[in-house]
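Numbered from 1 within each chain, the chains take letters A, B, ... in sequence-line order.
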Amino acid sequence: MAPKNDESAKKVMSKGAWTAEEDSKLSQYIEIHGAKRWKTIATKSGLNRCGKSCRLRWLNYLRPNIKRGNISDEEEDMILRLHKLLGNRWSLIAGRLPGRTDNEIKNYWNSHLSKKINQKDKRQEVSTAQETTSQLKTRVAAPMEEEGANIVGSSEPTFDVNEFFDFSTEGSYGLEWVNKFLELDEDQCLTEKR
DNA sequence: AACGAAGTCAACCGCTAATTT
DNA sequence: GAAATTAGCGGTTGACTTCGT
């Protein structure tokens with residue numbers, strides 16, 4: 001059988017860490033042709049990589065205005081609050097932190113913040129366990145009045161976030177809605193503490 | 001100094017959604 | 001409207017680094 005024209009598709013693609021040469025090839029190509037049609041970019045730029053890999057490299061590393069490392073306290077606080085609201089929707093969270101990528105936030109969450117949360121949860125569990133045992137004694141027959149209500153502080157949102165915030169119409173990194181949420185959240189925290 | 005454990009982060013994989021033909 | 005292609009997302013992996021013994 002004669003080889004087909006798409007034989008190149010069978011060619012084994014490079015994997016693993018990108019070299020400086022590959023980076024510059026990709027950057028140069030995208031500078032000229034733009035960052036779309038990743039499969040074409042992968043083949044035309046002369047890189048022995050799949051389109052997916054090129055896209056990821058561009059978005060997470062080569063794209064202009066990328067901030068790397070040193071996540072500030074403000075950013076960390078923002079991540080914590082947004083995660084509380086959105087859950088593991090890293091790209092949405094990243095969209096609210098200019099210069100940060102979903103991958104970076106996901107990694108930061110998994111290696112730093114999830115531990116902090118766990119420690120905090122454990123401490124809370126201990127104190128709430130003590131509280132609930134004493135509360136149970138007084139509330140044995142009380143109905144579940146707040147059933148269905150969104151309990152702020154639970155890790156998973158119980159309402160449709162997409163419905164609540166219309167992400168589709170938001171093109172910029174405007175932080176107005178976040179500020180509103182954070183204000184609300186702060187109020188909630190204050191009332192919870194009382 | 002050597003070694004293993006734990007932590008970090010870049011990159012890959014599998015899947016779904018969106019777009020194009 | 002269906003099928004094929006492309007883009008994007010979140011979870012996971014594995015190489016590398018740092019830390020503790």
Quick check: is A/Ile79 connected to A/Leu92 through a chain of hydrophobic side chains (ILVMFWY, heavy atoms under 4.5 Å apart)?
yes
Flag yes if A/Leu59 and A/Leu97 sit in one hydrophobic cluster, no otherwise; membership is Ile, Leu, Val, Met, Phe, Trp, Tyr, and two members link when side-chain heavy atoms are under 4.5 Å apart.
no
Under-4.0 Å salt bridge between A/Lys67 and A/Glu104:
no
Starting from C1' on C/dT5, measure out to NZ on A/Lys36 and report it in whole angstrom.
17 Å
Please check the phosphate of C/dG8 (OP1 and OP2 only) for any side-chain N or O of A/Ser91 closer than 4.0 Å.
no
In whole angstroms, how far is the C1' atom of C/dA7 from the CZ atom of A/Arg37?
11 Å
May I ask you to say what A/Gly16 touches in the nucleic acid, namely base, sugar-phosphate or nothing, with a heavy-atom cut-off under 4.0 Å?
sugar-phosphate
So what does A/Lys52 touch, heavy atoms closer than 4.0 Å: a base, only the sugar-phosphate, or nothing?
base
What is the distance, to the nearest angstrom, from the CG atom on A/Leu56 to the P atom on C/dT6?
18 Å
Whole Å only: how far is the CZ atom of A/Arg57 from the P atom of C/dG8?
18 Å
Take the protein atom CD1 of A/Ile30 and the nucleotide atom P of C/dA7, then report the distance between them rounded to whole Å.
11 Å
For a quick check of understanding: with a heavy-atom distance under 4.0 Å over all strands, which category does A/Arg55 fall into, base, sugar-phosphate or nothing?
base
Rounded to whole Å, the CG-C1' distance (A/Leu92 to C/dG10) equals 12 Å
Of the candidates C/dG8, C/dG11, C/dT6, the side chain of A/Asn88 sits closest to C/dG11
Show every donor-acceptor pair shorter than 3.5 Å between a side-chain atom in residues 38-47 of chain A and any protein atom, with sequence neighbours excluded, or say none if there are none.
from	atom 1	to	atom 2	distance (Å)
A/Thr43	OG1	A/Lys39	O	3.2
A/Thr43	OG1	A/Thr40	O	3.0
A/Ser45	OG	A/Ile41	O	2.6

For A/Asn103 and C/dA7, give me the distance from atom CG to atom P, rounded to whole Å.
19 Å
Can A/Tyr108 and A/Glu75 be counted as having a side-chain donor-acceptor contact under 3.5 angstrom?
no
Min and max contacting nt of DNA chain B in 5' to 3' order, chain A heavy atoms within under 4.0 angstrom, are B/dG7 to B/dC15
Are OP1 or OP2 of C/dG11 and a side-chain N or O of A/Trp90 less than 4.0 angstrom apart?
yes
Under 3.5 Å, is there a donor on one side chain and an acceptor on the other for A/Asn88 and A/His83?
yes
May I ask you to decide if A/Lys106's main-chain N or O and A/Asn110's side chain share a donor-acceptor pair within less than 3.5 Å?
yes
Protein-nucleotide distance (A/Leu86, atom CG; C/dC9, atom P), rounded to Å:
13 Å
When the nearest nucleotide of DNA chain B is assigned to A/Lys106 and to A/His112 on a heavy-atom basis, which residue is associated with the more 5' position?
A/His112
